[in-house]
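These notes are about the structure you will find just below.
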Amino acid sequence: MDGNITPLPASASDPDGFAHAVIAWQAQHGRRDLPWQNPATSYRVWVSEIMLQQTQVATVVPYFQRFMARFPTLAALAGAELDDVLQLWTGLGYYARARHLHQAARRIDIDHGGRFPTTIDRLLELPGIGRSTAGAILSLALGQRHPILDGNVKRVLARYHAVPGWPGRAKVQHRLWTLAEHHTPRQQNAAYNQGMMDLGASLCIRVRPRCELCPLAGGCAARRLARQNQFPEPRPAKVKPVRQTRMLLLQQAGRVLLVRRPPAGVWGGLWCPPQCDLEADYVALCRRQFGLRIGPARAWPMRRHTFSHFHLEIHPVYAPVQAEDPSIMDRPGHLWYNEHSSNRCGLAAPVRQLLQDLEEIRA
DNA sequence: AACTCGGGGCT
DNA sequence: AGCCCAGAGTT
């Protein structure tokens, strides 16, 4: 690539040629064969946008394929059990989004007769869909004119206009939305929005952006100032506290006891080994809470899991179950998990790792 | 170890 | 309106 920027034809709605440059670049270099682009139905674009909110494209693709194989239509998702949805979400993180997705599918089924809403106001009423996601669905699937402002677009606009401040701040976000609206073309809106996302993902990346290939380089304020790395500004740093927890790996006949976590909060709705404080008497707890008598316990090495706002130090303890009170175990919210049986449940990443380690020790 | 990401929810 | 929260992957 020679780095020359072709002079851009201007139009009444795009006086600086910004949108035109993005659309032309997208046609040549953008992504056109992602699974949710073929076909780009509202349902498929919606699911992909929710997954892409928390994960990069390469990771999302296999999750998306599995999800579509299992829930090919909105009706299939609306009729599904939450546990089945969470199972397909295992490892993706941000499990509230899977719950919102499922909830929203049911709402569309009930409130809209199963037909996907086609206006931004109706979309914004659904859980898990905000302005950017609604705009992406209507633009990419239906060709309507809406701006979007995902992480990639924020980075492109923050650099192009040298917007100071952290985009998480309301004032900065408002400025970026205004800029996004300003650049959004009347024609070829889908190609433009896809192009902005592709630009942010492939050239206008966080570190060492590849400005020499960028169709917007000629007008980019950050580049003119040679300050590409200083936009957008990072989130203000904060110190993360450390929390500790005990996880009880109670094994019986090759199965491990899991309990369902509360529907909201960390790992909401997921299944997890019983937890307690480090100081707690877990032998007594097993008997009192689960009716289990456990054999000699063995502590496993601590492992650390980092969340956005704290570190969690997990202290696993393994213990064989010697006797159980059979009447207690059939309560809802409890299950004996076996990797090879078809348990339908969502697992957080460190829990999945723990169960995998347990499996390897047995083998 | 720091950084990322859009939306929900609380104050 | 302005915070805080959520999780795993990437760098």
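These numbers come from a predicted model, not from an experiment. To find a chain, count down the sequence lines: A is the first, B the second, and so on, and within it residues start at 1.
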May I have the distance from A/R208 (atom CZ) to C/dT11 (atom P), rounded to whole angstrom? 14 Å
Check the angle between the aromatic planes of A/F67 and A/F71 and answer parallel, tilted or perpendicular using the 30° and 60° thresholds.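 A/F67 and A/F71: perpendicular rings.
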Pair A/Q37, A/D33 - check side-chain hydrogen bond (donor to acceptor under 3.5 Å, both in side chains), show working. CA-CA 6 Å; A/Q37 294 176 322; A/D33 50 4; over 6 Å; no
Do NZ/NE/NH1/NH2 and the carboxylate oxygens of A/R31 and A/D198 come within less than 4.0 Å?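 The answer is yes: the pair qualifies as a salt bridge.
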Expressed as a whole number of Å, how far does the P atom of B/dC10 sit from that of C/dG7?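 Looking at atom P only, B/dC10 and C/dG7 are 16 Å apart.
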With a cut-off of less than 4.0 Å, is there a side-chain N or O of [X] near OP1 or OP2 of [N]?
X: A/T133; N: B/dG7; result: yes
X: A/Y95; N: C/dA8; result: yes
X: A/H100; N: B/dG8; result: no
X: A/R169; N: C/dC3; result: no

Taking the nucleotide of DNA chain B with the closest heavy atom to each, which residue, A/K240 or A/D150, is nearer the 5' end? A/K240
Measure from the ring center of A/H183 to the ring center of A/H161 and say whether it is less than 6.0 Å. yes
Judged by nearest nucleotide, the residue sitting upstream toward the 5' end of DNA chain C, A/Q56 or A/K171, is A/K171
